Structure formats: structure tokens, C-alpha cells
Number of protein chains: 2
Amino acid sequence: MPHLSKSRPYHHGDLRASLLAAAEQTLREKGVGSLSLRELAREVGVSHAAPGRHFKDKQALLNALALAGYDRLGRLLEAADDAELPLEPRLAALARAYLGFAVDNAELLELMYARKHEPGASEQMVAAVERTVGSLARVIADAQRRGEVVAGDPEDLNLVAGAALHGVAAFAAGGMLTPEAALAGVDTLVHHLLHGLKPR
Amino acid sequence: MPHLSKSRPYHHGDLRASLLAAAEQTLREKGVGSLSLRELAREVGVSHAAPGRHFKDKQALLNALALAGYDRLGRLLEAADDAELPLEPRLAALARAYLGFAVDNAELLELMYARKHEPGASEQMVAAVERTVGSLARVIADAQRRGEVVAGDPEDLNLVAGAALHGVAAFAAGGMLTPEAALAGVDTLVHHLLHGLKPR
DNA sequence: ACCTGAACACCGTTCAAGT
DNA sequence: ACCTGAACACCGTTCAAGT
């Protein structure tokens with residue numbers, strides 16, 4: 001599918017965005033392993049050296065991809081959060097949103113996660129991660145204020161809830177859980193998380 | 001550091017094992033990204049084509065690495081499990097063992113996890129994963145039998161506990177949690193998991 | 001049975017030169 | 001300011017040939 005029918009302009013217009021879009025598609029369809037800058041350049045119809053103008057590195061492109069992912073996930077979680085809801089359904093809604101993202105963007109999530117906060121963690125990235133984590137923290141903090149959650153260091157509570165959520169998302173993204181099983185399990189997961197595994 | 005001082009024998013002896021050992025060291029020191037078959041061959045002192053005799057693929061080597069990882073983790077968990085203990089300390093011990101492994105083998109764990117059960121999941125791999133998961137399942141099943149854990153589908157309970165454990169391990173391996181913070185948080189994590197986030 | 005050497009088709013990255 | 005083309009130093013994989 002050559003983009004060359006007429007006379008493709010020398011300047012692409014928005015090469016950076018095109019590269020990111022193509023990269024995300026490849027990521028989704030073929031995985032990180034099959035992501036090559038040269039191939040991307042070919043798909044977008046530019047020389048193999050052109051990407052270098054917009055991303056100093058292959059890693060830089062991956063970071064940009066991860067950053068965009070955190071942005072989307074952050075917005076998604078904020079949209080899914082309804083502060084009016086009681087704790088249990090509120091948390092379940094958040095969990096469902098996160099799980100949905102994990103299922104729909106498994107490869108991207110892996111990438112986002114791998115970019116942890118390595119040496120190259122830009123402020124932007126840190127901010128995007130904070131935003132994502134913030135949604136959960138808000139739910140817990142609100143609930144704690146309302147007495148719906150035990151007293152104690154909020155960090156500890158965030159850790160338990162965050163770990164459980166991240167764990168299922170990872171299972172779902174990794175294919176150890178079918179998407180259906182994951183989504184079906186959300187309610188009981190949240191229930192057990194709130195009520196504990198021990199009998200009351 | 002040439003291994004060639006005298007006359008290195010034409011046959012290496014145990015090339016497969018040497019390659020795996022070198023690979024694990026590189027993995028630990030420089031990450032998966034810097035793992036190349038050719039470099040491995042150089043380190044071990046054989047031609048770049050030699051690894052091909054023992055691993056049909058680079059992926060095959062990675063799978064072997066992951067398999068060995070699951071084996072070690074499985075044994076580690078079994079060793080850490082003490083059926084005499086009451087539920088809470090028993091689970092905490094398991095969690096500590098898993099976390100320790102995650103901290104000491106962060107890159108390997110990522111690899112193990114990425115090898116999920118993709119198309120190429122050998123029976124060996126599946127068995128190794130089952131073994132790892134089995135330790136947790138046993139704890140939950142025992143506790144349920146003793147009435148220390150709520151009734152209900154054991155799968156659901158395993159999922160919550162497994163997700164929480166995997167979550168912290170992933171946080172620790174990914175560097176979002178310092179090793180100290182992770183280990184320090186184990187007890188309260190297990191406590192919250194068992195007693196629930198809601199007040200009783 | 002196990003390993004080598006050469007060959008092939010790819011990479012990422014850099015840099016002068018073009019538009 | 002943005003892109004190209006050639007060049008460099010790497011890859012993984014294959015396959016005849018050597019031991």
C-alpha cells in the first residue's frame with residue numbers, strides 16, 4: 001500500500017503522531033517484539049532515518065507510547081469514579097474500568113508497566129502515573145473519612161487495594177484469566193477485599 | 001577473558017547449561033534488552049551458531065530461563081510453607097518468600113510472567129506454574145477446611161490472595177516499592193487481606 | 001553428535017547532504 | 001525545520017562443511 005500515488009510531500013505533516021499511531025497498532029497486533037523503527041517508517045511512508053528526528057531513541061518512542069497509555073488510563077479511571085457511590089460498588093466500578101483497559105490493551109499495559117520509573121522517568125511520566133494511582137487513593141481516602149474503611153496508614157490500604165487490582169489486571173492481560181472470568185470475578189474480588197478472607 | 005589459554009576442546013561439554021547460566025547473569029545485570037545469542041556465545045567461547053544446536057530459537061532460551069525460574073520459585077515457596085502455622089503467619093511467610101524472590105530476581109520474574117501461557121506453553125512450563133500456584137492454593141484450602149477462611153468458591157479466594165501477592169511482587173520487582181518497604185509491608189498486607197478493609 | 005564459517009536479511013543510530 | 005541516503009556496527013537464523 002504505497003502512499004506515493006501522487007507526490008507525497010517532502011514534509012510529512014505530523015510524523016510524530018503518525019509514528020505513535022502506527023506503533024500502537026503494531027503493538028496491539030503483533031506485540032512489542034515486532035516493533036521496529038524501520039518498519040514503522042516504512043508503514044508511514046518515510047525514510048528509516050526520519051523517526052530519529054522525533055524520537056532520539058527507540059526507547060523514547062516506547063516511553064511516549066507508555067505515557068499516552070497512562071494518560072488514557074488515568075482519564076478512564078477518573079470517568080469511572082463516582083464519588084456518590086458507596087464504597088463497594090465504587091471500588092468495583094474502578095476495578096472494572098481498570099480490568100477493561102487491561103484486557104483491551106494488554107501489550108500496552110505491559111509496556112507501561114515495564115517503563116516503571118527507570119532512570120528515564122520524565123516528570124510527565126511520573127505525573128501520569130500519579131494521576132492513575134490517584135483515583136484509587138481518592139476512593140480509599142474518602143471511604144476512610146466516612147468510616148467505611150478501617151483506620152490506619154492510607155499508604156498501607158492503598159497498597160493492598162492497588163496490589164489486588166494490579167494483580168488481576170496483570171492476570172487478565174497475561175491471559176491466565178479469560179476476559180470474561182476476570183470481569184465476572186470483579187465483584188467477588190472487591191467483596192473479599194473489603195470484607196476479608198477470614199469469617200466474621 | 002579468553003577461555004582459550006590452552007586448547008579449548010571442540011566440544012564444549014555442557015554448552016546448554018553454560019548458555020543458560022550466562023544468560024541469567026546477563027539478565028540480572030543488564031536486563032532482557034541486552035540479551036543477545038551472539039554475545040552469549042562469545043562469553044561462553046563458542047561460535048555464534050552453536051547456541052542454535054541447543055535452542056531452536058532465542059525464544060526457546062528465554063522459555064528455558066523462565067522454566068528454571070518457576071522451578072526455583074516453586075521449591076522456594078514449598079520450603080517456606082509451614083502447614084503447622086496458623087493462617088496469618090503461614091500466609092505471611094509465603095508472601096515474604098515470594099517477595100524475596102521478586103526482589104532478587106526482578107528481571108527474571110518479568111520474563112517468567114511474560115511467558116504466560118502463550119502458544120508455546122510446554123507441558124513442563126504449565127506444570128511449573130501450577131506448582132507455584134499450588135502452594136498458595138494449599139494454604140487457602142487448608143484454612144478453609146479448618147474454618148479459618150470464609151466458605152465459597154476456592155478459585156475466588158485464590159484469585160484475591162494470588163492477585164494481591166502478585167501485585168506487591170510486581171510493585172517490588174518494578175521498583176515502585178523499595179525492597180525494604182515491600183518486606184515491611186507484608187504483615188499489614190496479609191492482615192488487611194484476611195481481615196478486610198472494612199471495619200468489623 | 002556437536003560445532004564452525006560464511007551468508008542472508010534484518011536491525012538501531014549517526015551524519016552529511018538535500019529540500 | 002524536516003527529511004533522505006549511505007554507512008556502521010550490530011542482530012537472529014540457516015546451512016554446508018568440518019571434527
Side-chain angles (χ1 to χ4, degrees), chain A residues 2-27 29-66 111 114-115 118-120, chain B residues 2-27 29-66 111 114-115 118-120:
Chain A
H3 284 230
L4 308 158
S5 29
K6 274 285 169 57
S7 60
R8 185 171 46 77
Y10 191 85
H11 288 76
H12 180 280
D14 199 358
L15 183 51
R16 196 191 135 92
S18 303
L19 286 171
L20 283 176
E24 199 183 328
Q25 203 195 345
T26 303
L27 187 63
E29 292 171 1
K30 313 196 206 160
V32 221
S34 326
L35 201 62
S36 112
L37 289 181
R38 286 177 106 110
E39 171 95 20
L40 249 35
R42 261 175 252 129
E43 280 171 26
V44 160
V46 6
S47 92
H48 66 255
R53 286 291 126 191
H54 299 273
F55 303 100
K56 93 174 219 305
D57 236 9
K58 183 178 186 178
Q59 189 57 59
L61 189 155
L62 296 181
N63 288 343
L65 233 32
L111 195 65
R115 283 323 110 234
E118 297 240 2
Chain B
H3 283 229
L4 307 159
S5 29
K6 275 288 169 54
S7 60
R8 184 173 47 78
Y10 191 85
H11 287 77
H12 179 281
D14 200 356
L15 182 52
R16 195 191 135 93
S18 303
L19 286 171
L20 283 175
E24 198 181 331
Q25 204 196 344
T26 303
L27 187 63
E29 291 171 2
K30 311 196 205 160
V32 220
S34 328
L35 201 63
S36 112
L37 290 180
R38 286 176 106 112
E39 170 96 18
L40 250 33
R42 261 175 252 128
E43 279 171 28
V44 160
V46 338
S47 90
H48 65 255
R53 286 290 126 192
H54 298 273
F55 303 99
K56 93 175 219 304
D57 237 7
K58 184 179 185 178
Q59 189 57 59
L61 189 156
L62 295 182
N63 288 343
L65 232 34
L111 195 65
R115 285 322 109 235
E118 296 240 1

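Every chain is numbered from 1 and lettered A, B, ... according to where its sequence line falls, protein lines coming before strand lines. As the structure is a computational prediction, the values presented were derived from the model and not from experiment.
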| query | Does B/Arg42 put a side-chain nitrogen or oxygen below 4.0 Å from OP1 or OP2 of D/dC11? | reply | yes

| query | When you check the phosphate oxygens OP1 and OP2 of D/dC3, does a side-chain N or O of A/Ser47 lie under 4.0 Å from one of them? | reply | no

| field | Minimum heavy-atom distance B/Leu62-B/Leu111, with the two atoms named | value | O-CD2, 3.8 Å

| note | Rounded to whole Å, the CG-P distance (B/Asp14 to C/dA1) equals 17 Å

| So which heavy atom on B/Ala23 is nearest to which on B/Leu61, and how close? | CB-CD2, 3.8 Å

| query | Atom CZ of B/Arg38 to atom P of C/dC11: distance rounded to whole Å? | reply | 16 Å

| Where do B/Ser36 and B/Lys58 come nearest, in terms of heavy atoms and distance? | CA-NZ, 4.4 Å

| note | Rounded to whole Å, NE2 of B/His54 lies from C1' of C/dC2 at a distance of 7 Å

| query | Can you check whether B/Ser36 has a side-chain N or O nearer than 4.0 Å to OP1 or OP2 of D/dG12? | reply | yes

| query | Separation of B/Glu39 atom CD from D/dG12 atom P, in whole Å? | reply | 10 Å

| Closest approach of A/Phe55 and A/Ala64, non-hydrogen atoms and distance? | CE2-CB, 3.9 Å

| field | Pairing partner of C/dC3 (Watson-Crick or G-U wobble, both distances under 3.5 Å) | value | none

| query | So which one's nearest nucleotide on DNA chain C is more toward 5', A/Leu37 or A/Arg53? | reply | A/Leu37

| remark: When B/Gly52 and A/Ala49 are each assigned the nearest nucleotide of DNA chain D, the 5'-most assignment goes to A/Ala49

| task | Sort out the partner of D/dC11 for me: Watson-Crick or G-U wobble, both distances under 3.5 Å, none otherwise. | result | none

| Hey, does B/His48 reach any base, or is it just sugar-phosphate, or nothing, if we go heavy atoms under 4.0 Å? | base

